[in-house]
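For reference, the structure is listed below as structure tokens.
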Amino acid sequence: MVQNIRVRFAPSPTGKLHIGGARTALFNWAYARGRGGKFVLRIEDTDPERSTFENEVAILQGLRGLGLDWDEGPDVGGPHAPYHQKDRIARHKELAQVLLEKGWAYRCFCTRERLEVLNQELTAKKERLAYDRRCRGLAASEVEARVAQGEPFVLRFAVPDGKTAFKDLVRGDVVFGNEEVEDWVMVRSDGNPTYNFVVVCDDIDMGITHVFRGEEHLVNTPKQVLLYKAFDSAQPEFGHLPLMLGTDKKKLSKRTGDTALQDYIDRGFPREAIINFLCLQGWALDGATDIFSLEQFVEKFDIKDVSKAGAVFDIDKFMWLAGEYIRTGTVESLADASLPFVVRKGLATADELKARREWYLAVVAGVKERVRTYAELADQIAYLFVDDEKLTYDEAAEKGAKKHERRVEILRTFLDWLRPQIAHGVQPEPLRNAAKQWVADNNLEMPALFQPLRCALTGQAGGPDLFDTMAWLSSARTLRRIELGIERLA
RNA sequence: GGCCCCAUCGUCUAGCCAGGCCUAGGACACCAGGUUUUCAUCCUGGCGACAGGGGUUCAAAUCCCCUUGGGGUCACCA
């Protein structure tokens, strides 16, 4: 049994943090936290072309935003610093040299052009695409001469004969025939080592004991296992998480929905809901509980319980979960969390909302059980902020209002009755009772008044209690909107 | 196409490893009804799956094999 568990998450700052990457981070983190291990964050920035510092900062923020923390990492340091792969390159080169000397690697002078031709030939013959090892048997003298002449070369790993097996904590034992593993490039012609090489160097140097990552890395594993052998180093335990799938059942891509963690944050999903939903992709607490905390997750999570099959990302369930968290949270927290969304939508400034805190809290309380995300909240209360004259009526709202033949007459007489009632402000409770009595006194059905009224006031077909709405709108705007409604619904 | 992985309701999954307790449980979605001034919430009910075929066994969703289907991967990206 491994004593000191050390896991890592190693994102590449070549783009935004993928939602699947967020789940990988979450599972790694939970595994470490659940058994007193260490969680290491390492930045895989060996692709100088596409890696950016902005991406890195965003990834770190995203992870922290989810509530994850790391014991060692680029911003917190640690005993195995540095935590940027590009800063470890001297060490990588040193290790590559070791493998070269031990015969585990060899120089390959084949040009990209030749490789291109080779691939075409292989494709034509319908054979497996792989390097043909032409440079593997080069005489030492020839290699020396070509190096001396300044001929560019890459370092390839010399894959031995045999089979490569490893234990996968999610899938069981996996075996690859080594003939399926090509002599892959360890070090590029520009001297920069490649992913499969550095990842193992760093995992060894950092004492990583468990490697949990997405299933797309499963086929890389034999290359890496061979590297552990070449370095005469103990193999870590592996665990390949099932892929997160789009509705087309293929690896989640932008084609079928948002793929970045940030996309969902921007769409106003509560962070607890994001975490909770991610946990449910490939794992279940007990088969009956869908809603649980990060703490419960840490307590119960085990890599062995992760399912093997891919998980389709079901946005409907995600939305439901988000709404569940919003409904069970407090009005205050919802007000705070939704405020930036209201501001971003251009409805009001943060200062304005803070100045009207009580009012905003009342509004939020009114829509709390009707929204699933912060963005939806902003959408639903937008009508409160627009000019009375510019209020637009939803199709459904207008249709519902116009269903009632006597709408204009009813609205008129109601307006006359209402005017003195709210002359000194709106008191929802007594007003509601009085209005219901008014409806009864006039021998009307409730909807005959309320549907046109709701349309005039909000432009929406549904929503919170109308008398609360009047209070949020204030007397003047309430009266004005009814006047406008009488004209517009005629 | 080669190799690798996977296979329970439309979706997420429990059950499988240690075969009987499974006439397969929960959740989302959907449908119907109730509550409500509307919408939403909430409550009640309904629909709905062990991919197929062989074995092994007294007994298989659970173990084995095959087929079929789906996915991943085949870079001097990570």
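Basis for what follows: all heavy atoms, side chains included, without hydrogens, waters or symmetry-related copies. Every chain is numbered from 1, with letters handed out A, B, ... down the list of sequences.
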Mind checking if [X] touches a base, just sugar-phosphate, or nothing, with heavy atoms under 4.0 Å?
X	value
A:Gly310	sugar-phosphate
A:Val175	sugar-phosphate
A:Gln451	nothing
A:Thr14	nothing

When the ring centroid of [X] is compared with that of [Y], is the distance short of 6.0 Å?
X	Y	value
A:Phe297	A:Trp283	yes
A:Phe450	A:His404	no
A:Phe313	A:Tyr264	yes

Checklist entry - Taking the same atom, C1', in B:C66 and in B:C74, what whole-Å distance lies between them? => result 27 Å

Checklist entry - If we take the P atom in both B:G52 and B:U62, what is their distance in whole Å? => result 10 Å

Next on the checklist: Given 3.5 Å as the limit, does a donor-acceptor pair link the side chain of A:Arg370 with the main chain of A:Gly366, or not?
Outcome noted: yes

With respect to the phosphate group of [N], does any side-chain polar atom (N or O) of [X] fall under 4.0 Å of OP1 or OP2?
X	N	value
A:Lys126	B:G1	no
A:Lys251	B:U73	yes
A:Lys249	B:U11	yes
A:Thr46	B:A78	yes
A:Thr194	B:C76	no

Starting from [atom2] on [N], measure out to [atom1] on [X] and report it in whole angstrom.
X	N	atom1	atom2	result
A:Ile291	B:A27	CD1	P	11 Å
A:Glu182	B:A75	CD	C1'	9 Å
A:Phe277	B:U11	CZ	C1'	9 Å
A:Arg171	B:G72	CZ	C1'	10 Å

Checklist entry - Is there a donor on the side chain of A:Arg454 or the base of B:U38 sitting less than 3.5 Å from an acceptor on the other? => result yes

Checklist entry - Does A:Asp314 make a side-chain donor-acceptor contact with the base of B:A29, cut-off 3.5 Å? => result no

Starting the side chain at C-beta, find the nucleotide from [options] nearest to [X].
X	options	value
A:Trp320	B:C76, B:G71, B:C28	B:C28
A:Asn196	B:A78, B:C42, B:G26	B:A78
A:Ala309	B:A7, B:G71, B:A75	B:A7

Checklist entry - Among A:Phe301, A:Phe212, A:Phe9, which residue meets the ring-ring contact (aromatic ring centres under 6.0 Å, His included) test with A:Phe27? => result A:Phe301

Checklist entry - Only one of A:Arg213, A:His217, A:Glu216, A:Glu215 clears side-chain hydrogen bond (donor to acceptor under 3.5 Å, both in side chains) with A:His240; which? => result A:Arg213

Partner nucleotide of [N] by Watson-Crick or wobble geometry (both distances under 3.5 Å):
N	result
B:U56	none
B:A32	B:U44
B:C74	B:G1

Item to check | Aromatic stack A:His240/B:G72: centroid gap under 5.5 Å, interplanar angle under 30° | outcome: no

Item to check | First of A:Val312 and A:Arg112 reached from the 5' end of RNA chain B, by closest nucleotide | outcome: A:Val312

Checklist outcome for this item: Taking for A:Asp173 and for A:Gln85 the nucleotide of RNA chain B with the nearest heavy atom, the one nearer the 5' end belongs to A:Asp173

